[in-house]
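Accompanying notes for the structure given below.
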Amino acid sequence: MAQHMHVNTPLLESVNMSKRVGTTVYLKMENSQPSGSFKLRGIAHLCQQLASRSKGIVCPSGGNAGMAAVYVARKMCLPATIIIPSSSPQLVVQRLQEQGATVKVVGKDFEDAKAEAFRIAETEGLVYVSPFDHPLIWQGHASVITEVATSLGPNVKPGAVLISVGGGGLLCGVVQGLKDVGWVDVPIIAMETVGADSLNASVKAGRIVTLDNITSEAVCLGAKTVYEERVLVEMACGAALAAVYSGVVQRLQAEGRLPAHIGPLLVIVCGGSSINMEQLSMLKHKLGAI
Ligand code: PLV
């Protein structure tokens, strides 16, 4: 079997968040993956299975899948082309280029970038790497849960898992991982942001809904941002943390949708490279939180 490219990330207990929500909160620090996010788990797994004899890979991305893809490509000695929509910050393009990717900015949102990536895969004979939409990606992501199960030991089981949702790759991986470790009755709180809420719209409609526009600042989901654990995360990741900070968990408890006495909460701190102090102050300005 091929060597794993992802690392076993720390599982930290957050005293501040635990106090706030009234049960132990564990943070799975996927921001400490070498590529900056959980995306490495699934994308490495997919590329190791499908791309080892290829001419290279092409991946449309809001940024973080691209960071994972270029990391994997470098380790496999393959070229990586990443297609970014113009909605992603310049910072993302720069970081991808620094890692050795060929970056093309195409279209205004992810769907445009995806169409271009398909085209390039076809014409240049490259392996198309989706940022979220492949069973091998979900299988790779599932390791985040199996790792947590090993860290917590046989006597501790989460009361709920909190994640951010973009295309749903992490969600599918977490579902798979919960099955793998026998935690099938653990609820998942899947957080989207208003303006990037394709899952919410689809669940409500009972079918898959494509949003006309992504109006959220968390462009990589389609979230509040700094938190109190000495780590800065991007908005896409902040969405899951916001479930604790903005009282979503307590609301679900009040509505009887989560038990009042709930077991420990597991928050997947999914990571992301699209943040620095400059970006943060720009967002604060834009969102009127100065
Ligand atoms: N980001 C994807 C899709 O963007 C990308 O191309 O990088 N947390 C972070 C930090 C993310 O970057 C993403 C998705 C998610 C969560 C959501 O994961 P998903 O797509 O598997 O639900 C358009």
Side-chain angles (χ1 to χ4, degrees), residues 28-33 35-43 45-46 58-72 80 82-89 91-93 95-96 101 103 106-114 117 128-142 144 161-177 188 190-193 195-200 202 210-211 213-214 216-225 231-243 267-275 279:
K28 182 65 172 162
M29 302 301 279
E30 288 298 292
N31 58 316
S32 55
Q33 289 295 351
S35 76
S37 81
F38 73 94
K39 294 268 175 183
L40 183 59
R41 295 179 184 269
I43 289 179
H45 186 60
L46 178 133
V58 57
C59 174
S61 173
N64 295 318
M67 289 295 287
V70 66
Y71 180 89
V72 170
I82 313 297
I83 317 293
I84 297 288
S86 58
S87 53
S88 288
L91 171 68
V92 168
V93 175
R95 289 199 169 157
L96 286 165
V103 183
V106 176
K108 70 173 180 10
D109 58 29
F110 174 72
E111 289 304 317
D112 299 334
K114 184 171 114 181
Y128 173 81
V129 176
S130 166
F132 47 75
D133 194 13
H134 198 290
L136 288 171
I137 291 188
W138 310 333
Q139 201 182 355
H141 289 347
V144 74
V161 184
L162 278 67
I163 59 166
S164 305
V165 175
L170 179 59
L171 176 60
C172 290
V174 165
V175 168
Q176 175 71 50
I188 299 171
M191 295 291 289
E192 293 181 294
T193 58
D197 48 349
S198 52
L199 176 65
N200 184 36
S202 301
T210 302
L211 301 176
N213 260 314
I214 298 294
S216 167
E217 283 298 334
V219 282
C220 230
L221 290 186
K224 283 171 150 169
T225 177
V231 178
L232 192 60
V233 297
E234 72 166 77
M235 309 261 278
C237 170
L241 300 162
V267 182
I268 310 293
V269 180
C270 37
S273 302
S274 176
I275 193 73
Q279 190 80 6

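One-based numbering, in listed order, for ligands and for the atoms of each. As the structure is a prediction and not an experimental result, all values here were calculated from the model.
- The closest approach between a heavy atom of Ser37 and any atom of ligand 1 is not below 4.0 Å.
- With hydrogens and angles ignored, the 3.5 Å screen pairs no side-chain donor or acceptor of Trp138 with any backbone N or O of Val174.
- Looking at Pro60 next to ligand 1, no N or O pair under 3.5 Å apart turns up.
- Ligand 1 has no nitrogen or oxygen under 3.5 angstrom from a nitrogen or oxygen of Phe110.
- Assignment of Val165 to the shell around ligand 1 is supported, since a heavy atom sits closer than 4.0 Å.
- Ile82 is listed as a side-chain neighbour of Ser61, based on a closest heavy-atom distance under 4.5 Å.
- By the 3.5 Å distance cut-off applied to N or O atoms, Asn64 is counted among the residues near ligand 1.
- To the nearest 0.5 Å, atom CD1 of residue Ile43 and atom OG of residue Ser130 are 8.0 Å apart.
- Remark: ligand 1 and Gly167 share an N or O pair separated by less than 3.5 Å (distance only, no angle test).
- When side chains are defined from C-beta on, Gln139 counts as touching Leu136, because their heavy atoms get closer than 4.5 Å.
- Classified by interplanar angle (parallel below 30°, tilted 30° to 60°, perpendicular above 60°), the ring pair His141/Phe38 is perpendicular.
- At a 4.0 Å heavy-atom cut-off, ligand 1 touches Lys39 through the side chain alone.
- We find the CG-NZ distance between Leu162 and Lys28 to be 16.0 Å, quoted to the nearest 0.5 Å.
- Under the 3.5 Å distance criterion, the side-chain polar atoms of Lys39 are left unmatched by any main-chain donor or acceptor of Met67.
- Between Gly66 and ligand 1, no N or O atom pair is found at a separation short of 3.5 Å.
- For Phe38, no nitrogen or oxygen atom sits less than 3.5 Å from a nitrogen or oxygen atom of ligand 1, counting backbone and side chain alike.
- Residue Gly62 has at least one N or O atom closer than 3.5 Å to an N or O atom of ligand 1.
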